[in-house]
Amino acid sequence: MYPEIDQFKSWLTCQYPTSSTSVHYTSDLVLFFAWISKPPAEITAQDVDDFIAHCQAKGHAATTINRRLTTLNTFYYFLKMIEDDPAVCPVQKRHFLSRPRPLPRDAQNDNIQRLFSALQNPRDRAMVLIMLECGLRVGEIRNLSLGDFFQDNGVLWLTAFGKGDKLRTVPISPLAHDALQEWLKNRPITTDRAVFISRLQKRISVSGIQSMLRELCKSTGVNVTCHQFRHTFGRRMAEAGMSVTSLQKLLGHESLRTTQRYVHLSDPHLRAEYELAIEKMQELLG
């Protein structure tokens, strides 16, 4: 493989030290160059067209394909910085696929109750409650450190690094606060400053959190993802009347349009019709 890819990964790690951007982008890049077997300087716009067709034939979603195109864009931007005679970026605006913006799917209240009836582990209970009642992404849960909390007027707040390492502050609900305190009382003593640690007494991984939830879902017969907890938080805040701009700050959305989807989802009539449509679609798809 080309040495520029390793340099690109190191650069991304420096740019986004607390996120998994470098891992995902490097993986996309390795996949692309393994498929085409050409050096960066020889890639053409037609090659990109062929790669898109290849991904579509594999059944990849538009979001996945667009992410890979963004990876290529960023890679050629990096080459422009480090090379005297850089290759021209083959990715063009027309390559990016348009995609629908569906309403976010949140977790049903009865499913949440079934999950919590089986949540006995203090660490797992605290992680789920912070996703559900604070709206944190799974990667933000993983990145929480012991110094990321502060008190203000009797309310405990946390600081989270979101997408693009953007920092935001989020209040912790009383229920999540109690669960967090219970976990910290039981947390093993270790030199790692991570709030949530694995059995190896190191910072838990994103895959470790997702694996925990999969096992919990398997034991309870519930099908829910970590990101659906975040969607549920957004929907509940919108139902409670929180303004869309305030909700945008809590969720760490760059675009207000993204947050507005939760406002639409809080409409009971629209929500009922949406859920019915989803059920019918799943029946049609088998």
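The basis for the numbers below is simple: all heavy atoms, side chains too, and nothing from hydrogens, waters or symmetry mates. The first residue in the sequence is number 1, and the count goes up from there. Just so it is clear, the model here is predicted, and its values are computed rather than measured.
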Check: Quick one: are Leu136 and Leu158 in side-chain contact, heavy atoms under 4.5 Å?
Finding: yes

Check: Is a donor on one side and an acceptor on the other found under 3.5 Å between the side chain of Ser27 and the backbone of Val23?
Finding: no

Note to self: Would a single hydrophobic cluster contain both Val88 and Val48, if residues Ile, Leu, Val, Met, Phe, Trp and Tyr are joined by side-chain heavy-atom contacts under 4.5 Å?
What the structure shows: no

Next item on the list: Taking all heavy atoms of Ala87 and all of Pro40, pick out the closest pair and write down the distance.
Entry: CB-O, 4.0 Å

Checklist line | Lys/Arg-Asp/Glu bridge criterion (N-O < 4.0 Å) met for Glu215, Lys218 | finding: no

Check: Is any side-chain heavy atom of Phe196 less than 4.5 Å from a side-chain heavy atom of Ile209?
Finding: no

Notebook entry, point to check: Taking C-beta and beyond as the side chain, do Thr74 and Phe78 meet within less than 4.5 Å on heavy atoms?
Noted result: no

Item checked: Donor-acceptor contact below 3.5 Å, side chain Ser145 vs main chain Gly147 -> no

Note to self: Nearest 0.5 Å, please: how far is CG in Leu180 from SG in Cys134?
What the structure shows: 9.0 Å

Item checked: Greater than 12 external heavy atoms within 6.0 Å of Phe150's CZ -> yes

Item checked: Close side-chain approach of Gln15 and Thr21, heavy atoms under 4.5 Å -> no

Check: Nearest heavy-atom pair of Asp192 and Arg187: which atoms, and what distance?
Finding: O-NH2, 2.7 Å

Next item on the list: Spell out, as yes or no, whether a donor-acceptor pair under 3.5 Å connects the side chain of Ser219 to the backbone of Leu216.
Entry: yes

Next item on the list: Please check if atom NZ in Lys80 has more than 12 non-hydrogen atoms from other residues, nucleotides or ligands closer than 6.0 Å.
Entry: no

Margin query: Could you see if Val30 belongs to whatever hydrophobic cluster contains Leu79? Use Ile, Leu, Val, Met, Phe, Trp, Tyr and a side-chain cutoff under 4.5 Å.
Written below: yes

Check: Between Arg114 (side chain) and Thr220 (backbone), is there a donor-acceptor pair under 3.5 Å?
Finding: yes

Notebook entry, point to check: Just wondering, are more than 12 heavy atoms of other shown residues or ligands nearer than 6.0 Å to CZ in Arg199?
Noted result: no

Notebook entry, point to check: Does Pro171 reach the side chain of Leu250, with side-chain heavy atoms less than 4.5 Å apart?
Noted result: yes

Item checked: Side-chain (His95) to main-chain (Ala45) donor-acceptor, under 3.5 angstrom -> yes

Notebook entry, point to check: Is there a donor-acceptor pair closer than 3.5 Å between any side-chain N or O of Asp124 and the backbone N or O of Gln120?
Noted result: no

Check: Relative to the ring of Tyr25, is the ring of Phe8 parallel (under 30°), tilted (30 to 60°) or perpendicular (over 60°)?
Finding: parallel

Next item on the list: To the nearest 0.5 Å, tell me how far Trp11 CH2 sits from Ser22 OG.
Entry: 11.5 Å

Notebook entry, point to check: Minimum heavy-atom separation for Glu133 to Phe233, with atom names?
Noted result: O-CE1, 3.2 Å

Notebook entry, point to check: Is there a donor-acceptor pair under 3.5 Å between the side chain of Thr190 and the backbone N or O of Gln201?
Noted result: yes

Next item on the list: Under the side chain to side chain contact (heavy atoms under 4.5 Å, CB included) rule, what do Ile130 and Val170 come out as? Steps first, then yes or no, please.
Entry: CA-CA 10 Å; Ile130 294 177; Val170 181; over 6 Å; no

Checklist line | Carboxylate-amine/guanidinium proximity below 4.0 Å for Asp28 and Arg68 | finding: yes

Item checked: Between Thr70 and Asn73: side-chain donor-acceptor atoms closer than 3.5 Å -> no

Item checked: Path from Phe149 to Val155 over hydrophobic side-chain contacts below 4.5 Å -> no

Item checked: Trp183 side chain vs Met127 backbone, donor-acceptor pair below 3.5 Å -> no

Note to self: For a side chain to side chain contact (heavy atoms under 4.5 Å, CB included) check, start with the C-alpha distance between Ile141 and Phe229, then their side-chain angles and the critical distance, and finish with the verdict.
What the structure shows: CA-CA 12 Å; Ile141 292 290; Phe229 291 134; over 6 Å; no

Checklist line | Path from Met81 to Ile5 over hydrophobic side-chain contacts below 4.5 Å | finding: yes

Check: So, the side chain of Arg123 versus the backbone of Ile197: is there a donor-acceptor pair under 3.5 Å, distance only?
Finding: yes

Next item on the list: Report, as yes or no, whether the 6.0 Å neighbourhood of atom CG on Asn223 holds more than 12 heavy atoms from other residues, nucleotides or ligands.
Entry: no

Check: Nearest 0.5 Å, what's the OG1-NE2 distance between Thr26 and His24?
Finding: 10.5 Å

Margin query: Would you say that His227 contacts His231 through its side chain, given a criterion of any heavy-atom pair below 4.5 Å between the two side chains?
Written below: yes

Next item on the list: Quick one: pull up CG in Leu129 and CG in Asp178 and give me the separation to the nearest 0.5 Å.
Entry: 9.5 Å

Notebook entry, point to check: Is there a path from Met237 to Leu175 through hydrophobic residues (I, L, V, M, F, W, Y) whose side chains come within less than 4.5 Å of each other?
Noted result: yes

Next item on the list: Locate the shortest heavy-atom distance separating Cys226 from Met131; write the atom from each residue and the value.
Entry: CB-SD, 3.7 Å

Checklist line | Full working for side chain to side chain contact (heavy atoms under 4.5 Å, CB included) between Leu29 and Lys9 | finding: CA-CA 10 Å; Leu29 210 55; Lys9 182 178 182 181; over 6 Å; no

Check: Is a salt bridge present between Asp148 and Arg193, judged by a nitrogen-to-oxygen distance below 4.0 Å?
Finding: no

Margin query: Strictly distance-based, threshold 3.5 Å: is any side-chain N or O of Thr71 a donor or acceptor partner for the main-chain N or O of Arg67?
Written below: yes

Item checked: Close side-chain approach of Glu42 and Ile36, heavy atoms under 4.5 Å -> no

Check: What is the minimum heavy-atom distance between Leu69 and Ile52, and which atoms define it?
Finding: CD1-CD1, 4.1 Å

Note to self: Show, in sequence, the C-alpha distance, side-chain angles and deciding distance for Arg142 and Arg203, and conclude whether the side chain to side chain contact (heavy atoms under 4.5 Å, CB included) test is met.
What the structure shows: CA-CA 7 Å; Arg142 182 260 178 198; Arg203 185 180 297 271; 3.4 Å; yes

Margin query: As an exercise, state the distance from CD1 of Ile204 to OG of Ser211, rounded to the nearest 0.5 Å.
Written below: 8.5 Å

Item checked: Beyond-backbone contact of Val224 with Asn111, side-chain heavy atoms, under 4.5 angstrom -> no

Item checked: Nearest heavy atoms of Gly234 and Leu251, plus distance in Å -> CA-CD1, 4.4 Å

Check: Roughly how far apart are Thr64 OG1 and Gln56 CD, rounded to 0.5 Å?
Finding: 11.5 Å

Checklist line | Ring geometry between Phe51 and Phe32 (parallel below 30°, tilted from 30 to 60°, perpendicular above 60°) | finding: perpendicular

